[in-house]
Amino acid sequence: METVFQPVEHLQSIFGPAINRVSTDHGVPVVHVNTNQILPITRYIHINEEFRGTLSLLWAVDHRPREVRYELWYLFTLGDSKDWLIVSTDLLGDERLFESITPKIHAANWYEREIRDMFGLIAQGHPDLRRLVRHNHWPKGVHPLHKNFPCNSVLQWRQPPGSVDGHFIHGEGVFEVPVGPIHAGIIEPGHFRFTVAGEPIMHLDLQHFWKHRGVEKLFEQQTLSDGVVLAERISGDTTFGHSLTYCQAVESLMDIHVPRRARYLRSLFLELERLHNHIGDVGGLCNDTAYALAHAHCSRLKERVMQLNDHLTGSRFLRGVNCVGGVGIDPPAVQLSDTVTELERIEKDFSELEQIIAVNASLIDRFENTGIVKKQTAWDHGVVGVVGRASGIDRDLRRDRPFAAYDELSVRVAGSINGDVRSRVQVRMAEIHESIRLIGEIQRTLPDGPLKGRRQVVPVPGAWALSAVEGWRGEIVCFLMAGEHEGIHRCKVRDPSFVNWPAIQLAVIGNIIPDFPLINKSFSLSYAGNDL
Amino acid sequence: MFEILKKSFKTGIVTDQYPPAPAGQKISVAPTAQKKAELFRKSLTIREVDTGSCNACEMEMNALANPVYDIERLGIHIAASPRHADALVVTGPVTVNMEGPLKDVYKTTPNPKLVIALGDCAINCGIFKGSYAVTGPVDQHIPVDVRIPGCPPRPAEIIEALTELRKGETTFTRWFRKFSGEP
């Protein structure tokens, strides 16, 4: 336990008077500090050699009606130990201003803009305070996550919807290429504005949140145990990852012990989800280089995995599998061994395909040195998941903060250092093999026992829990605060897309527009999970 | 090259090898929609518009193009622009931010056109009903001809609904029926 408290003591020795109090909840140390000291403290955590904390999540909580205050929470993942450290600060009464940390910690950029849009709290000194979630046609003064905001009033606007503003570069020979929000393929809406001079991209301006459905506010109208259905629909391709993150948060609030068999099954389904998405992405990347053959084979294999999901659980997206306390589905042993046999066949099939892909010179030519994210850039912006691992950020929650049954399974974390499209493909391919190996291991060692744990406590209003899962895209984080009558006071969900989208803006610089689909696909980010 | 040929021969033909849509959930298409689709019986070009779904519906739409379902064999194509489309497939509840683009897309699609609402969210907002950022189901903004329920509907169900849509009578069959004295 001492290792957990060491960073806190270190902070106390340096910022003594600025720290109001220190508490620990579910093993995560929380340091409450004065509002005016938030910048020096977070900056110290970010750059100090011993901490080297990356900002994993930044969110606000409106404590009304119980208390008249806002609270800001800064979650850091420390460099070497991968432990969590939370810094929090209060904005009392009607105080609306706080100091921005974005100039020192780039990863806070979108979080602070989001907080401004959703709560009306303004980060002073933020370099780019354009609207993020609220598009320009939203009326002034609408802050949906305010507790006073009526949840069922549909927004009325004054301007015609769809107008956006961007950061532009002007000059001779410089022109703009706007794309979206409705794209040419079957993908989700988002608006991209490329500024180019000649061929290379000078600047990319992202305008997202077209699909903002108010998920976080919808959560506040659910009870803790009913929220799973909504969590499954945050991002359809990460159905299981999101529902698992949510369930884990509720379980730690209610102090439920999840039985061993349920934990193993959760790992199994999570790996199945990773598998079909990764195979689909490898195919999609080949398609973006006009290599239709590999795409056809990959989409065929993906379809096989999805039919396997359907066969196992009755849902191609693994919906309705997770429930608070465990899992709702218990596949018989025969079905599981059939699954493993089928997956071994799929792996053999995929390995043959890999050999075909590996010798294709035109493919390698497009992949190599395209869309590079350097390690330093990735670290500065807190990039997570496959993209981070391809850039040399050695972080994988399955190994670093084991959840489900990963504390008993040995996960081999794939990684690369080049940070280009090829590295990301390689990481994906390695993870496909690793997932199939893990599923085999789970099937062999699956213990018997109950599927659901019982609840121990009724969470008091204001109790909170934090949970994180390594989804196929990367770290999914969920913060859950209980409200009255087992309701939800605040649910903050962060899909890995939210942190990785800004990194695309840096990855494309110097590349040509025809390579953008390739870079975008190699990141493979969700719009729905980002927009919420 | 040899490897590619070997792989192709080993794989064989996978088209049409999928489990059929569950029998209980047969999707009925209104005769008025069938009549409207008369022009598109042999070739239907679709443009997919996402107005706020959770992206599962898009994944299933993408799956339609894979070698297993291969909807091109049924004469259904997916266009990159609404100006090339006969039908719009709309997924998801219409969010505050997507309402404008949806109306624009509808305007730019040439007449005659069909609108297909795919998935529960597009039909009745699904789980996102009652949110401040959701302005309503698709038919509140543009006229909808066909509704394909499901969360998300399986590709087999989508294919079935699209086949059902194009089963309606043509001028020729109507004429033939009239003169052959069939009821």
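Bear in mind the structure is a predicted one, so any value in this text is a computation, not a measurement. Order of the sequence lines sets the chain letters (A, B, ...), proteins ahead of strands, with each chain counted from 1.
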Query raised in the report: Does any heavy atom of chain A fall under 4.5 Å from the side chain of Ser53(B), the backbone, both, or neither of them?
Result: both
Report task. Please report the shortest heavy-atom distance between Ser526(A) and Asp495(A), naming the atom on each side. Result -> CB-OD2, 4.1 Å
Query raised in the report: So what's closer than 4.5 Å to chain B heavy atoms on Asn277(A): side chain, backbone, both or neither?
Result: side chain
Requested in this report: Measure distances from Val89(B) to the heavy atoms of chain A and classify the residue's part below 4.5 Å as side chain, backbone, both or neither.
Outcome: neither
Query - Other residues, nucleotides, ligands: >12 heavy atoms within 6.0 Å of Ile13(B) CD1 - result: no
Query raised in the report: Most heavy-atom pairs under 4.5 angstrom with chain A, which of Glu48(B), Lys7(B), Glu3(B)?
Result: Lys7(B)
Query raised in the report: Between Leu218(A) and chain B, which part of the residue has a heavy atom less than 4.5 Å away: side chain, backbone, both or neither?
Result: side chain
Query - Stepwise side-chain contact (heavy atoms from CB on, under 4.5 Å) test for Phe128(B) and Leu230(A) - result: CA-CA 8 Å; Phe128(B) 302 113; Leu230(A) 185 57; 3.9 Å; yes
Query raised in the report: For Asp310(A), is it the side chain, the backbone, both, or neither that has a heavy atom closer than 4.5 Å to a heavy atom of chain B?
Result: side chain
**Report entry** Side chain, backbone, both or neither of Ala65(B) within contact of chain A (heavy atoms, under 4.5 Å)
**Finding:** neither
Query raised in the report: For the candidates Val359(A), Leu353(A), Asp349(A), which exhibits the highest count of non-hydrogen atom pairs separated by less than 4.5 Å from chain B?
Result: Asp349(A)
Requested in this report: Dump the intermediate steps for side-chain contact (heavy atoms from CB on, under 4.5 Å) on Leu74(B) and Leu162(B), then the final yes or no.
Outcome: CA-CA 10 Å; Leu74(B) 304 170; Leu162(B) 290 177; over 6 Å; no
Query raised in the report: Is it true that His297(A) and Tyr291(A) have ring centroids separated by less than 6.0 Å?
Result: no
Query - Proximal component of Tyr69(B), with respect to chain A [non-hydrogen, under 4.5 Å] - result: side chain
Requested in this report: Go through the steps for Glu58(B) and Asp237(A) under the test side-chain contact (heavy atoms from CB on, under 4.5 Å), then give the verdict.
Outcome: CA-CA 10 Å; Glu58(B) 279 77 70; Asp237(A) 48 16; over 6 Å; no
Query raised in the report: Is chain B contacted by the side chain of Ile356(A), its backbone, both, or neither, given a heavy-atom distance below 4.5 Å?
Result: side chain
**Report entry** Centroid separation Phe149(A) to His143(A) less than 6.0 Å
**Finding:** no
Query raised in the report: So which of Cys54(B), Gly130(B), Ala133(B), Ala80(B) has the largest heavy-atom pair count under 4.5 angstrom toward chain A?
Result: Cys54(B)
Query raised in the report: If you count heavy-atom pairs under 4.5 Å with chain A, which of Thr51(B), Asn62(B), Asp50(B) comes out on top?
Result: Asp50(B)
Query raised in the report: Checking Val68(B) against chain A: side chain, backbone, both or neither under 4.5 Å from a heavy atom?
Result: side chain
Query raised in the report: Where on Lys129(B) is there a heavy atom nearer than 4.5 Å to chain A: the side chain, the backbone, both, or neither?
Result: backbone
Report task. Check the angle between the aromatic planes of Phe192(A) and Tyr527(A) and answer parallel, tilted or perpendicular using the 30° and 60° thresholds. Result -> perpendicular
Report task. List the steps and the verdict of side-chain hydrogen bond (donor to acceptor under 3.5 Å, both in side chains) for Asn97(B) and Thr95(B). Result -> CA-CA 5 Å; Asn97(B) 293 341; Thr95(B) 61; 5.7 Å; no
Query - Toward chain B, the part of Glu188(A) with a non-hydrogen atom under 4.5 Å - result: both
Query - salt bridge (Lys or Arg N to Asp or Glu O under 4.0 Å) evaluation trace for Asp288(A) with Lys521(A) - result: CA-CA 8 Å; Asp288(A) 284 341; Lys521(A) 189 75 214 172; over 6 Å; no
Query raised in the report: Do the non-hydrogen side-chain atoms of Phe317(A) and Glu273(A) ever get within less than 4.5 Å of each other?
Result: no
Query raised in the report: At a heavy-atom separation under 4.5 Å, does Ile78(B) approach chain A through its side chain, its backbone, both, or neither?
Result: side chain
**Report entry** Polar side-chain atom of Arg300(A) near backbone of Val14(B) as donor-acceptor pair, under 3.5 Å
**Finding:** no
Query raised in the report: Taking all atoms of both residues into account, what is the closest heavy-atom pair of Arg47(B) and Gly185(A), and its distance?
Result: NH2-O, 2.8 Å
Query raised in the report: For Thr238(A) and Arg473(A), what are the C-alpha separation, side-chain angles and deciding distance, and is it a side-chain hydrogen bond (donor to acceptor under 3.5 Å, both in side chains)?
Result: CA-CA 8 Å; Thr238(A) 325; Arg473(A) 256 191 204 103; 3.2 Å; yes
Query - Interchain contact, Arg233(A) with chain B, by part (heavy-atom threshold 4.5 Å) - result: both
Query raised in the report: Given that the side chain runs from C-beta out, which part of Thr11(B) has a heavy atom under 4.5 Å from chain A: side chain, backbone, both or neither?
Result: side chain
Query raised in the report: Side chain, backbone, both or neither: which part of Arg319(A) has a non-hydrogen atom closer than 4.5 Å to chain B?
Result: side chain
Report summary line: If one checks every heavy atom of Cys151(B) against chain A at 4.5 Å, the contacting part turns out to be both
Query raised in the report: Can you say whether His276(A) sits under 4.5 Å from chain B via the side chain, the backbone, both, or neither, judging by heavy atoms?
Result: side chain
Report task. Sort out for me which of Met306(A), His311(A), Glu232(A), His183(A) touches chain B most, counting heavy-atom pairs under 4.5 Å. Result -> His183(A)
Report task. With a 4.5 angstrom heavy-atom cut-off, could you sort out which part of Pro152(B) is near chain A: side chain, backbone, both or neither? Result -> both
